[in-house]
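The block underneath contains the structure these notes are about, expressed in structure tokens.
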Protein chains: 2
Amino acid sequence: MTIYDISKQAGVSIATVSRVLNGSENVKPKTRKKVLDIIEQCGYTPNVFARGLGLNSMKTVGILCADSSDIYLAKAVYHIERNLKTAGYHSILNCTGYDLAHKKEGLSLLLNQRVDSIIMVGSNFISENEKDNQYIRDAAKQVPVMLLNGDLDCENVFCTMCDDYKSMKEVTGRLLSQKIHDILFLYHSRTYSSMKKLAGYQAAYVSMDLPLSKDLTCFFNGSHEDIDGVCDYLCNLHDKGLRFRAVVAADDMLAVGAVKYARKMNLRIPQDIKIVGYNNSILSVCSEPKLTTVDNHLELLCSQLVKTCICTLGGTSQPAKTIFSGEIILRESANL
Amino acid sequence: MTIYDISKQAGVSIATVSRVLNGSENVKPKTRKKVLDIIEQCGYTPNVFARGLGLNSMKTVGILCADSSDIYLAKAVYHIERNLKTAGYHSILNCTGYDLAHKKEGLSLLLNQRVDSIIMVGSNFISENEKDNQYIRDAAKQVPVMLLNGDLDCENVFCTMCDDYKSMKEVTGRLLSQKIHDILFLYHSRTYSSMKKLAGYQAAYVSMDLPLSKDLTCFFNGSHEDIDGVCDYLCNLHDKGLRFRAVVAADDMLAVGAVKYARKMNLRIPQDIKIVGYNNSILSVCSEPKLTTVDNHLELLCSQLVKTCICTLGGTSQPAKTIFSGEIILRESANL
DNA sequence: TGGAATTATGTAAGCGTTTACATTTCAACC
DNA sequence: GGTTGAAATGTAAACGCTTACATAATTCCA
């Protein structure tokens, strides 16, 4: 069943059928109706491959994501896909894992698939090491690239992010104001986003003229789901003599690890130790006590990102960066 | 840059280039090398649209998922995508939500996209009401359909699932053996999988000749993330006089809700109340106490499902059903 | 060394659209 | 009724591959 069959049955040329299919203006209403009826009646659907070949596009966007099973990234992918679908685009998902080689590989698979645009979900796609961002710049020469929670100055790269620096500075500042000066900053990966959080944490100290201790900036080197590992890690630090009365974590999983640590050490939360998570994921309400955390309005970010993507594809020029503010969600693990 | 450019530069015909590209046997090694060198040198990549048009396939599989932000489904999507990629296939993701109309719509979008196969992730795609499964049967007339945790007898539909009936019967049976006869079964959606779990729960009572109370089969009607809602729901049941010394839940989120309920009611876990989750998600270790739960080897299921998919596409006949057994993970919320 | 069998390569016809350009139709006006 | 310009429709050439079939080159053996 092709456009020829339809054209024959409707007694018109294939061009007219094509015009009807593509909603061209210059078709007599009567003709349009006739064609549409036949199409309906035959259950004809255009061949997307042929259309892709003709238009050099299949209205498809590539979603690159290190690990779509991560709670936060999964939510992002979900919202992005839904927004793209609403705009009439398909989503090709490619989960790369966290190492550079696989990210490059995933990216080139998507580009070979001739997607109209690339969306990189998660700040882990951009690196502190500028050289390691070259692959993004290269991709941007072919298609517009959207970064969720990443920042890169480059033609044809569009960034949508939340101001993690600001949120973390605010959280840390509030704790400092409560005369809690020994705040442990717990992070997990050296992503753009983590680094911004760290910078915010440090800025809070600096702006209050308080000394920063390097020992309190702690990097957990383990899986994204290893709550027990985080707990052990903190116990270990404790054993080595490190003391702290608050933990600000780069994500909720780390914060839950801290909660487990506190329970193990018989510390009362929040009296003896305050714990703040990040992302306002389901973990923050699963936790006991529930986590005070930061919500960065992921759904909003995603809808903005897709809007930018679609407008760019439509030829409307878009701002290179859109920055949203997070919101502190007060729960039981810290009274800020 | 097309196959013509390459053929010209290599001094061969486009057919030969095509053969090299597709790994055909009948190419002289010397010729192959020459072509490959030129391709490499030019950085040529074949146009997938044209290839798709020629082959009527773009090596793409459609993944249909109600909600890929759900912890469990997200993991499934992740593993499926990775396995598909390894097999050389692309994944188009389509998140439909839970109502039938949107599922049908998502499915037809994927079919119009001419995917080679459809994978339905999650038992929510099949319904108790046989009529509502017709759309799957229709799809199966076009492409092979893979069901993860769903069961449907139909030509060209392949099911990969875990034996939830068995696992739930085992869990319930162990509790009954401990003389705990007032076990609340808590579920969340009337999916195939939930119904199997319920059947297993009931079977355990029956096989031990114990009376079943209808009141103890409880349906929570709320969002997939609403832990507090579950807690309230159970408190409400308690207020209405319902008593139970154990909860077996259809997923970990529900179980965490039960944990919250227990804490609110000052019930000790597991002394006063035993709680069993399902899925062995991160929630089960985030919870305090950690959940005893059922692991159904999702990664294995997914890899098997994709294997079945790829083999089917490759023309090798495959078993219509593959059933795995779950594993009970003992943690703190119940000593089984 | 000739010729059959085998292997390698080339030619050209699809695949099903879109769209520039050509042609026809038609309403409006003189 | 003839002219004109706009609107509607048609024709045919891309788009860049794959592949059946035709042809050329090579191998093998009598």
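Labels below follow one simple rule: chain letters A, B, ... track the order of the sequence lines, proteins then strands, and each chain is numbered from 1.
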Under 4.0 Å between a side-chain N or O of [X] and OP1 or OP2 of [N]?
X	N	value
B:Arg51	D:dT18	yes
A:Ser13	D:dT11	no
B:Arg19	C:dA8	no
B:Thr31	C:dT9	yes
B:Thr16	C:dT9	no

Just the rounded figure in Å: distance from [atom2] of [N] to [atom1] of [X].
X	N	atom1	atom2	value
A:Lys33	D:dA8	NZ	P	18 Å
A:Asn112	D:dC17	CG	C1'	15 Å
A:Asn56	C:dT19	CG	P	11 Å
A:Asp5	C:dT17	CG	P	9 Å
B:Leu53	D:dC15	CG	C1'	9 Å
B:Tyr4	D:dA14	OH	P	11 Å
B:Ile6	D:dC17	CD1	P	9 Å
B:Lys30	C:dT9	NZ	P	11 Å

**Q.** Contact nearer the 5' end of DNA chain D, comparing B:Ile14 with A:Arg32
**A.** A:Arg32

Q) On DNA chain D, nearest-nucleotide positions of B:Ala15 versus A:Ala15: which is more 5'? A)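 Comparing both residues, the 5'-ward one is A:Ala15.
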
Please determine, for the side chain of [X], which listed nucleotide ([options]) has the closest atom?
X	options	value
B:Val27	D:dT18, C:dT9, C:dT18	C:dT9
B:Leu55	D:dC17, D:dG10, D:dT18	D:dT18
A:Tyr44	D:dC17, C:dT17, D:dA8	C:dT17

For [X], does the [atom1] atom have more than 12 heavy-atom neighbours from other residues, nucleotides or ligands under 6.0 Å away?
X	atom1	result
A:Glu40	CD	no
B:Glu299	CD	no
B:Lys307	NZ	no

Q) Does a salt bridge link B:Lys141 with B:Asp138, judged by any charged N lying under 4.0 Å from a carboxylate O? A) yes

Taking any heavy-atom pair under 4.0 Å as a contact, classify [X]: base, sugar-phosphate, or nothing.
X	result
A:Val48	nothing
B:Asn22	sugar-phosphate
B:Thr2	sugar-phosphate
B:Phe49	nothing

**Q.** Under-3.5 Å donor-acceptor pair between B:Arg114 side chain and C:dG16 base
**A.** no

Q: Using heavy atoms to find the nearest nucleotide of DNA chain C for B:Asn26 and A:Leu21 separately, return the residue whose nucleotide is more 5′.
A: B:Asn26

Q: Name the residue closer to the 5' end of DNA chain C, choosing between B:Glu25 and B:Gly54 according to the nucleotide with the nearest heavy atom.
A: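 Checking each residue's closest nucleotide, the 5'-ward one belongs to B:Glu25.
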
(Q) Rounded at 0.5 Å granularity, tell me how far CZ in B:Phe125 sits from CG in B:Leu152. (A) 13.5 Å

Q. How many angstroms lie between CD1 in B:Ile92 and CD1 in B:Ile63, if you round to the nearest 0.5 Å?
A. 9.5 Å

